[in-house]
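Here the structure is laid out as structure tokens; the discussion comes afterwards.
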Amino acid sequence: MRKYELMTEKYNSIILEKNIPYKWNLYLGRSGQQNLFRVPVYNAFKFCDPNKVDLKVWKEKKDYPGYYVPNKRTKAGREKQKILDSLKVSSIITLKRILGMNFSERFVFPWVEIVNDNTIILFIDEEFEPKGEEFIEITKREFEELQNKI
């Protein structure tokens, strides 16, 4: 699952690079694994040179000056929005199924990372304790040491 997510992030970056002709350094959306889709989700972009932006395709986001979203009033803008909507995602539900987790109304988003070919570190909510020999609880210090190897 995590390998798929990493490939998805790269794939989405390539799609954005091919379809957005302007360099951008910031975006509005969700990043990392700490969201329901477990990969970055892009809603608006802060372009490095806003003077070059085609306003038929992009419009400035109302509440976020300097950030641009596709202009859905034009065909070209709707096409850009379709591209953003078609970016691949993962799902927290997949992780829930793999680990047999039951989420309550409030929970901490799980964090998963591959350290080497046979070690996966997992940060999960205190309410969930996985069962099985393949799970070994480690200290925060050990977790951070493994995380630093990535």
Side-chain angles (χ1 to χ4, degrees), residues 1-128 130 135 138 140 143-150:
M1 177 201 75
R2 185 64 187 142
K3 285 181 182 179
Y4 169 79
E5 291 169 353
L6 294 170
M7 288 187 324
T8 298
E9 287 183 34
K10 287 180 186 175
Y11 171 83
N12 289 349
S13 293
I14 291 167
I15 295 298
L16 291 175
E17 191 176 303
K18 285 183 180 179
N19 289 283
I20 299 177
Y22 316 112
K23 290 188 185 258
W24 49 276
N25 54 4
L26 296 172
Y27 68 93
L28 295 176
R30 306 211 188 290
S31 63
Q33 300 180 43
Q34 303 303 130
N35 70 78
L36 294 174
F37 300 114
R38 297 193 43 79
V39 296
V41 176
Y42 304 91
N43 296 324
F45 301 91
K46 186 163 190 160
F47 298 120
C48 295
D49 190 357
N51 295 326
K52 293 182 179 179
V53 174
D54 183 350
L55 297 178
K56 292 179 183 173
V57 181
W58 300 92
K59 68 177 183 175
E60 195 166 19
K61 190 159 175 64
K62 194 176 189 178
D63 298 334
Y64 295 90
Y67 286 86
Y68 291 83
V69 295
N71 184 352
K72 295 187 227 173
R73 292 185 178 189
T74 66
K75 183 178 179 181
R78 288 190 297 273
E79 289 299 316
K80 293 296 181 201
Q81 187 61 54
K82 275 186 188 178
I83 291 165
L84 293 180
D85 292 342
S86 72
L87 294 176
K88 294 182 178 189
V89 296
S90 185
S91 173
I92 195 167
I93 302 303
T94 303
L95 184 59
K96 177 184 170 186
R97 283 190 206 129
I98 290 170
L99 297 175
M101 297 173 78
N102 291 319
F103 295 128
S104 60
E105 289 179 18
R106 292 183 175 191
F107 64 91
V108 174
F109 280 100
W111 187 87
V112 180
E113 202 57 73
I114 301 167
V115 178
N116 56 41
D117 289 341
N118 61 0
T119 303
I120 297 172
I121 54 175
L122 171 67
F123 177 82
I124 52 178
D125 198 309
E126 291 178 1
E127 290 184 26
F128 177 73
F135 293 101
I138 60 175
K140 179 180 179 182
F143 183 88
E144 290 171 352
E145 285 173 5
L146 287 169
Q147 187 179 7
N148 289 333
K149 289 181 181 180
I150 300 171

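Residues: numbered from 1 along the sequence shown.
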Any residue meeting side-chain contact (heavy atoms from CB on, under 4.5 Å) with Ser31, in chain and number order, not counting sequence neighbours
Tyr27
Should the heavy atoms of other residues, nucleotides or ligands under 6.0 Å from OH of Tyr4 be counted, would the total exceed 12?
yes
Does Asn148 have any side-chain contact (heavy atoms from CB on, under 4.5 Å) partners at least two apart in sequence or in another chain, and if so, which?
none
Between Pro70 and Gly77, what is the shortest heavy-atom contact and its length?
CB-O, 3.2 Å
Using the side-chain hydrogen bond (donor to acceptor under 3.5 Å, both in side chains) criterion, which residues pair with Asn116? Sequence neighbours excluded.
Thr119
Closest non-hydrogen atom pair, Leu146 against Val115:
O-CG1, 3.9 Å
Can you name the one residue among Val53, Asn71, Thr74 that meets side-chain contact (heavy atoms from CB on, under 4.5 Å) with Lys59?
Asn71
Any pair with a residue in residues 19-29 that passes salt bridge (Lys or Arg N to Asp or Glu O under 4.0 Å), sequence neighbours left out, goes on the list, sorted by first then second residue, please.
none
Could you check if a side-chain atom of Pro110 sits within less than 4.5 angstrom of a side-chain atom of Phe123, using non-hydrogen atoms only?
no
Under the rule for side-chain contact (heavy atoms from CB on, under 4.5 Å), what residues qualify as partners of Glu60, not counting sequence neighbours?
Pro65, Tyr68
Output every pair passing salt bridge (Lys or Arg N to Asp or Glu O under 4.0 Å) with a member in residues 79-93, not counting sequence neighbours, ordered by first then second residue.
Glu79-Lys82
Would you compute the distance between atom CD1 of Ile114 and atom NZ of Lys3 and round it to the nearest 0.5 angstrom?
5.5 Å
What closest approach, in Å, do Gly32 and Pro40 show between heavy atoms, and which atom pair accounts for it?
N-CG, 4.1 Å
Side-chain donor or acceptor of Tyr22 paired with backbone N/O of Asp54 under 3.5 Å:
yes
I'd like to check Val69 versus Tyr64 (side-chain heavy atoms, cut-off strictly below 4.5 Å). Are they in contact?
no
Can you tell if the side chain of Ile20 reaches within under 4.5 Å of the side chain of Trp58, non-hydrogen atoms only?
yes
CZ of Phe45 to CG of Asn25, rounded to nearest 0.5 Å, is 12.0 Å
Run the side-chain contact (heavy atoms from CB on, under 4.5 Å) test against Arg78 and tell me which residues pass, sequence neighbours left out.
Lys72, Lys75
Could you pull out all residues at least two apart from Lys46 that satisfy salt bridge (Lys or Arg N to Asp or Glu O under 4.0 Å)?
none
So, taking the atom named CD1 in Ile98 and the one named CD1 in Ile93, what distance separates them when rounded to the nearest 0.5 Å?
11.5 Å
Student check: side-chain heavy atoms of Leu16 and Leu87 closer than 4.5 Å:
yes
Sub-3.5 Å donor-acceptor pair from the side chain of Glu113 to the main-chain atoms of Gln147, do we have one?
no
Under the rule for ring pair (Phe, Tyr, Trp, His ring centres under 6.0 Å), what residues qualify as partners of Phe109, not counting sequence neighbours?
Phe107
Just grab all the side chain to side chain donor-acceptor pair (under 3.5 Å) pairs involving residues 5-19, residues at least two apart or on different chains.
Arg2-Glu5, Glu5-Arg38, Glu5-Ser90
When rounded to the nearest 0.5 angstrom, what distance separates CD1 in Ile92 from CZ in Phe37?
11.0 Å
